[in-house]
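See below for the structure under consideration.
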Amino acid sequence: MDNTANILELKNVQKRYKGFALDGISLRLPQGYILGLIGPNGAGKTTTIKILMNMVKRESGEVQVVGLDPKKNAKQVKNKVGYLGEEQYFYGNKTVAWTGNFVSAFYDNWDTNIFQSLLTNFEISRTKKTRELSKGMKVRFSLALALSHHPDLLILDEPTAGLDPVIRREVLELLQKKSKNEGKSVIISSHITDDIMRIADLVAFLIEGKIVLTSEKDELLSSWKRIHYKKGALGSDIVNTLTRRKDHAFGSSGVTDRYLKIKDSLVQGITEGVIKVENVNLDDILISLVKGV
Amino acid sequence: MLRLMKKFSFWYILYPVLLLVFGLPMFNHDRLTGPDPLSLSFAIYLAPMIWLVLGAMWSHEQMESKANGYAFLRILPIEPALIVKAKFAMLFVAVAIYVAGCCIAFAFVSTNPEYLIPSSAYVIVYGAICLVVAALLYLGIFRHGFSRFGKYILIAWVVLLTSPIPIRILILKPRGISDSEIMQFFRGPYWIIGTTACLMGYYLLMKLAVKKLYERHA
């Protein structure tokens, strides 16, 4: 992965608002990968995404999207990027067909065949006015618009928020297919960690305007484990590093981010049945990072 | 830009066309009574109606605001400058339709240059001033957003549309300025200079509006 060219790179990017600051974030996404940007509400995910789309101007730092600085080349960047925002905006009194036709005029690589086939696949009526589309249909339609100009990169801001599980799954599977089969890169922000868990190759945790952790998802899930232990089964050096410690019927438990380093020292306890190791999900990691001990 | 202009065209075409349709009875009146070379009556009534173009601007911006048009356009590969240019171009088209319609109507009344030139010039100058005022209002929209600034367009629209009456009563009448004296201005080169200055101002205000929209997007 290290040798792969980056389709997206942020270096020490800053943006300040009253009561909130994006504090020198750095991030990179190699070509062909899916990056999940995870963070609680108000962490700065949308601001980060909007900086990538030049919809918010950064105050300092460097940003490269598809090899270009969006601040200086907003039009070219948008031409090569498929964007799906938190909210879907269309001219409500216009039809799906009109909107597709209108949007097509602004992209260099618009592919009407792809657009038409996506509308068919998504079962979106071309004659329907966009205001008559349901939330799920609007997301599907936005996705059809975002994919019809052969984007190199897809930037998705909370795309599945408010969707029912069937459409959510459908959207995620489509993104995964685009990445695996066509080598498209995707950055997807969400506070729904299940979505990221399902499709992302890389994850970045954004908390209070700071990137606190970036990693390959599989590596992350191998390093982070919940350890259940009986009193005295773990050395205090390990216990002190656990987060989210709790006492319960089995004894105590806590989450570690260095399982791969301590795993050998746990073998005996596991054999004796005084230590149990459990997988964690991205939610657990997010909560550990937000709340700590 | 043509695609954007087409999108923005509805109100900017509708208003001037409706204005011309409503102006026709006046046109017929002048035609029946015969043009008076010393009077600008037809032009004097038709020209201030151009302020209704501000209504087109208000209707257009209200529709854009309601439909989140700016948010929609922002995700597309469109330079904000193009959006501003398209809006200013449509405003110009709206004024041009009305002005051209009036000038054609004047020509139907009489082709006598003593009547036709000052009457047409009167409407042209009004159109040019209308463009500058509309451009200033657009600066306000791009700076503050339609939701905050829209009401000022309505206020300007009502004030300017009704302005000829107080101007006549409070300024022209007490000073004894007659229509024929006003007409003198539109016979000389001053109206051309005034119109050119207004159009240059309109162009410069468009440049400034582009800057304001970029700043707002930041």
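Below, chains carry the letters A, B, ... as their sequence lines are ordered, and counting in each starts from 1. None of these values were measured; they are calculated from a predicted model.
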Checklist entry - So Phe72(B) and Phe102(A), would you call those rings parallel, tilted or perpendicular, with 30° and 60° as cut-offs? => result parallel
Checklist entry - chain B heavy atoms under 4.5 Å from Ser142(A): which part of the residue, side chain, backbone, both or neither? => result neither
Checklist entry - With only heavy atoms counted, which part of Asn73(A) is less than 4.5 Å from chain B, the side chain, the backbone, both or neither? => result neither
Other residues, nucleotides and ligands only: do more than 12 of their heavy atoms fall within 6.0 Å of [atom1] on [X]?
{"X": "Lys178(A)", "atom1": "NZ", "answer": "yes"}
{"X": "Phe20(A)", "atom1": "CZ", "answer": "yes"}
{"X": "Gln116(A)", "atom1": "CD", "answer": "yes"}
{"X": "Lys80(A)", "atom1": "NZ", "answer": "no"}
{"X": "Lys71(A)", "atom1": "NZ", "answer": "yes"}
{"X": "Lys211(B)", "atom1": "NZ", "answer": "no"}

Item to check | Interatomic distance, Tyr91(A) atom OH to Asn68(B) atom CG [nearest 0.5 angstrom] | outcome: 10.0 Å
Next on the checklist: Would you compute the distance between atom CZ of Arg131(A) and atom NZ of Lys66(B) and round it to the nearest 0.5 angstrom?
Outcome noted: 8.5 Å
Next on the checklist: Could you tell me if the side chain of Ile75(B) sits less than 4.5 Å from the side chain of Met55(A), heavy atoms only?
Outcome noted: yes
Checklist entry - Do the side chains of Leu76(B) and Tyr83(A) get nearer than 4.5 Å, heavy atoms only? => result no
Next on the checklist: Taking Glu79(B)'s backbone N and O only, do any of them form a donor-acceptor pair with Lys78(A)'s side chain (distance below 3.5 Å, no angle check)?
Outcome noted: no
Item to check | Smallest separation among heavy atoms of Ala67(B) and Gly92(A), with atom names | outcome: CB-N, 4.5 Å
Distance-only criterion, 3.5 Å: show the donor-acceptor pairs between side-chain atoms of residues 138-153 of chain B and protein atoms not counting sequence neighbours.
from      : atom 1 : to        : atom 2 : distance (Å)
Tyr138(B) : OH     : Tyr12(B)  : OH     : 2.9
Tyr138(B) : OH     : Glu61(B)  : OE2    : 2.6
Lys151(B) : NZ     : Arg148(B) : O      : 3.2

